[in-house]
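Comments concern the structure below.
Quick caveat: nothing in here was measured; it's all calculated off a predicted structure.
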Amino acid sequence: MELIPYKYFYYPAILYGFIVVICLQSYWNRMSFSLRLVIYLSLISVYILGMSRSKGVDHGTYRANFDGLVKNIYDPGYVMITDFLNFLNIPFELALVLFGLISVISIFKISRYFNVYFFPLFFIYFAHLFVGTDFSQLRTGLAVSIATFAFVSNAKFRYPLYFLAGSIHLTVLSFILIAEYARFIVTTRSSLIRSIGIIICVIGLFLVGKYLYLFSFLDERIDIYVKGFYSTYEGYGAPVHSYIQPLFHTAILVPFLLFRRFLEKDSKLDMLILIQLFGISTFFAFSDNGIFAYRLTSTILCLYPVLILYSYNMIANQVNLVKRRKTLLFSALIIALLPILVFRPGAFRVINSMLI
């Protein structure tokens, strides 16, 4: 049977999600659970369909590894999971679906923790981050989903899940360390110690970026990426060539900076803001090694959709100027955000390569 391009499902789903987010934003509290579930499942089903793909970026490599034809993935957590699924005779497509369900559960858990609506949050992930992780970097997507779930869980489960996430893909350690450091800084009562802690973290990031080669003992891939053994097409070893990523994430902070003096102190918002600042700093700290700058920054800033929705809710609830035009301004926010997320050249490459 001929395979169907996933883009025929993905882009209509983007349009559907956009219409739902814009038109139903004021009615979520009035909807029944069953109606909300139908709306949720309509988008989730398209996402799961993408996870069950037959072709896509790196799909062949992961399938060959899963089937035991090649042994080119050494991350112990990922190997343990795939070995267990193979023991249960789980096919590769179903394994991908199970990984996707972990992402869905993680987003739901995050939405409950930060008290933001699930559908708009999931929609932003579907339009952006899932394309760069779940649809193209499978291990990163799985590791990030587990790590973010752990971040909003109690300490009893948090650290075992962190360990599992880090063993699936080492990159996620950047998010874990930064997120927990931000949590620690926010809980520190002394403003002086908080300021010193922030400065120390930023300086530390630049030192690690400068002497990155010293950490190659953690993973041989660090040495490979730094020295650029691979082709110039991959960009390994090359400095950054585009600053769109930090500009985008800096722009996310602008509304908060404009309305900060009108907002009540909130530890969750402060934590998200610190993660955002540290993520942007990471990009510039690792700018001599572009592949690290792009990937580490993207991983650390995986909670930026939460920051957008959480900070907007606070501004809309506490600033009368925004409160009176809450629906209109939220629509304008989504309208401005969506083209930036969907019409990225990299996103086109990933989506257009997917067949189901």
Quick one: are C201 and I178 in side-chain contact, heavy atoms under 4.5 Å? yes
Parallel under 30°, tilted from 30 to 60°, perpendicular over 60°: which one fits the rings of F130 and F122? perpendicular
So does Y11 have more than 12 non-hydrogen atoms from other groups sitting under 6.0 Å from OH? yes
Any chance you could measure F256, atom CZ, to D270, atom CG, to the nearest 0.5 Å? 6.0 Å
Residue pair H169 / V144, side-chain heavy-atom distance below 4.5 Å: no
With a cut-off of 6.0 Å (strictly less than), are more than 12 heavy atoms of other residues, nucleotides or ligands near CG of N154? yes
Let me confirm one number: the OG1-CG distance from T82 to N65, rounded to the nearest 0.5 Å. 6.0 Å
Do the side chains of F135 and R53 get nearer than 4.5 Å, heavy atoms only? yes
Aromatic plane relationship, F283 with Y243 - under 30° parallel, 30 to 60° tilted, over 60° perpendicular: perpendicular
Residue from Y125, Y40, Y113 passing ring pair (Phe, Tyr, Trp, His ring centres under 6.0 Å) with F118: Y40
With clusters defined by side-chain heavy atoms of hydrophobic residues (ILVMFWY) lying less than 4.5 Å apart, directly or transitively, does L247 cluster with L129? no
Determine yes or no for a side-chain-to-main-chain donor-acceptor pair under 3.5 angstrom, with Y78 supplying the side chain and L138 the backbone. no
About how many Å separate CD1 of I73 and CZ of R139, when rounded to the nearest 0.5 Å? 4.5 Å
Euclidean distance, R349 CZ relative to R344 CZ, rounded to 0.5 Å: 11.0 Å
Is the shortest heavy-atom distance from the side chain of S52 to the side chain of L96 under 4.5 Å? no
Side-chain heavy atoms under 4.5 angstrom apart, residues restricted to Ile, Leu, Val, Met, Phe, Trp, Tyr: same cluster for V38 and Y117? no
Flag yes if I102 and I105 sit in one hydrophobic cluster, no otherwise; membership is Ile, Leu, Val, Met, Phe, Trp, Tyr, and two members link when side-chain heavy atoms are under 4.5 Å apart. yes
If we ignore hydrogens and angles and just use 3.5 Å, is the side chain of D266 paired with the main-chain N or O of K268 as donor and acceptor? yes
ring-ring contact (aromatic ring centres under 6.0 Å, His included) partners of Y310, counting only residues at least two apart: F114
Does the side chain of T171 come under 3.5 Å of the side chain of T299 through a donor N or O and an acceptor N or O? no
Quick one: closest heavy-atom pair of G141 and D134, and the distance? CA-OD1, 3.6 Å
Test side-chain contact (heavy atoms from CB on, under 4.5 Å) on R325 and L321; report intermediate values, then the result. CA-CA 7 Å; R325 301 171 179 83; L321 178 65; 3.6 Å; yes
Using the rule that Ile, Leu, Val, Met, Phe, Trp and Tyr join whenever any side-chain heavy atoms are under 4.5 Å apart, tell me whether L177 and V202 fall into a single cluster. no
Show your working on side-chain contact (heavy atoms from CB on, under 4.5 Å) between F9 and M354 and close with a plain yes or no. CA-CA 11 Å; F9 298 90; M354 294 172 60; over 6 Å; no
Between S103 and Y47, is any pair of side-chain heavy atoms under 4.5 Å apart? yes
Restricting to non-hydrogen atoms, name the atom on D58 and the atom on S136 that form the minimum distance, rounded to 0.1 Å. OD2-O, 3.8 Å
Test item: N352 side-chain N/O and K7 main-chain N/O as donor-acceptor pair under 3.5 Å: no
Counting only N and O atoms by type, is there a donor-acceptor contact under 3.5 Å from the side chain of S298 to the main-chain atoms of R295? no
CD1 (I244) with more than 12 external heavy atoms under 6.0 Å: no
Would you compute the distance between atom CG of N29 and atom CZ of R36 and round it to the nearest 0.5 angstrom? 7.5 Å
Applying side-chain contact (heavy atoms from CB on, under 4.5 Å), run through Y27 and L35 and close with a yes or a no. CA-CA 11 Å; Y27 302 97; L35 179 57; over 6 Å; no
Carefully, step by step, assess Y10 and F126 under the rule ring-ring contact (aromatic ring centres under 6.0 Å, His included). CA-CA 9 Å; Y10 180 78; F126 180 69; 4.8 Å; yes
Using 30° and 60° as the class limits, which term best fits the ring planes of H128 and F248: parallel, tilted or perpendicular? perpendicular
Any donor-acceptor N/O pair, R194 side chain to I185 backbone, under 3.5 Å: no
Of the options Y304, F278, F284, which is the one that meets H249 in a ring pair (Phe, Tyr, Trp, His ring centres under 6.0 Å)? Y304
Any chance you could lay out the side-chain contact (heavy atoms from CB on, under 4.5 Å) test for I275 and I300, step after step, and finish with the verdict? CA-CA 7 Å; I275 294 173; I300 293 171; 4.2 Å; yes
Between V322 and A316, which heavy-atom pair has the shortest distance, and what is it? CG1-CA, 3.8 Å
Check: V172 and T140 side chains under 4.5 Å, non-hydrogen atoms: no
Spatial distance of atom CZ (F163) from atom CD1 (I168) [nearest 0.5 Å]: 11.0 Å
Test your reading of the model: is there a side-chain donor-acceptor pair from Y312 to the backbone of F330, 3.5 Å cut-off? yes
V240 versus G290, closest heavy-atom pair with distance: CG1-CA, 3.7 Å
Ignoring hydrogens and angles, tell me if any N or O in the side chain of Y6 forms a donor-acceptor pair with the backbone of K55 under 3.5 Å. no
Give me the ring orientation class for F123 and F119: parallel if the planes are under 30° apart, tilted from 30 to 60°, perpendicular past 60°. parallel
Minimum heavy-atom distance between G166 and L173, given as atom pair plus value: CA-CD2, 4.1 Å
Between F286 and L212, is there a side-chain heavy-atom distance shorter than 4.5 Å? yes
When you compare the side chains of Q25 and S331, does any donor N or O come within less than 3.5 Å of an acceptor on the partner? yes
Within 45° of the axis and under 6.0 Å from the centre of the six-membered ring of F151, does NZ or CZ of R183 qualify? yes
Residue pair L341 / V131, side-chain heavy-atom distance below 4.5 Å: no
For P5 and L3, work out which heavy atoms get closest and say how close. CD-O, 3.9 Å
Check for me, please, whether V254 and I334 land in the same ILVMFWY cluster - side-chain distances under 4.5 Å, paths through other members count. yes
Please state whether the rings of H241 and Y294 are parallel, tilted or perpendicular, taking 30° and 60° as the class boundaries. perpendicular
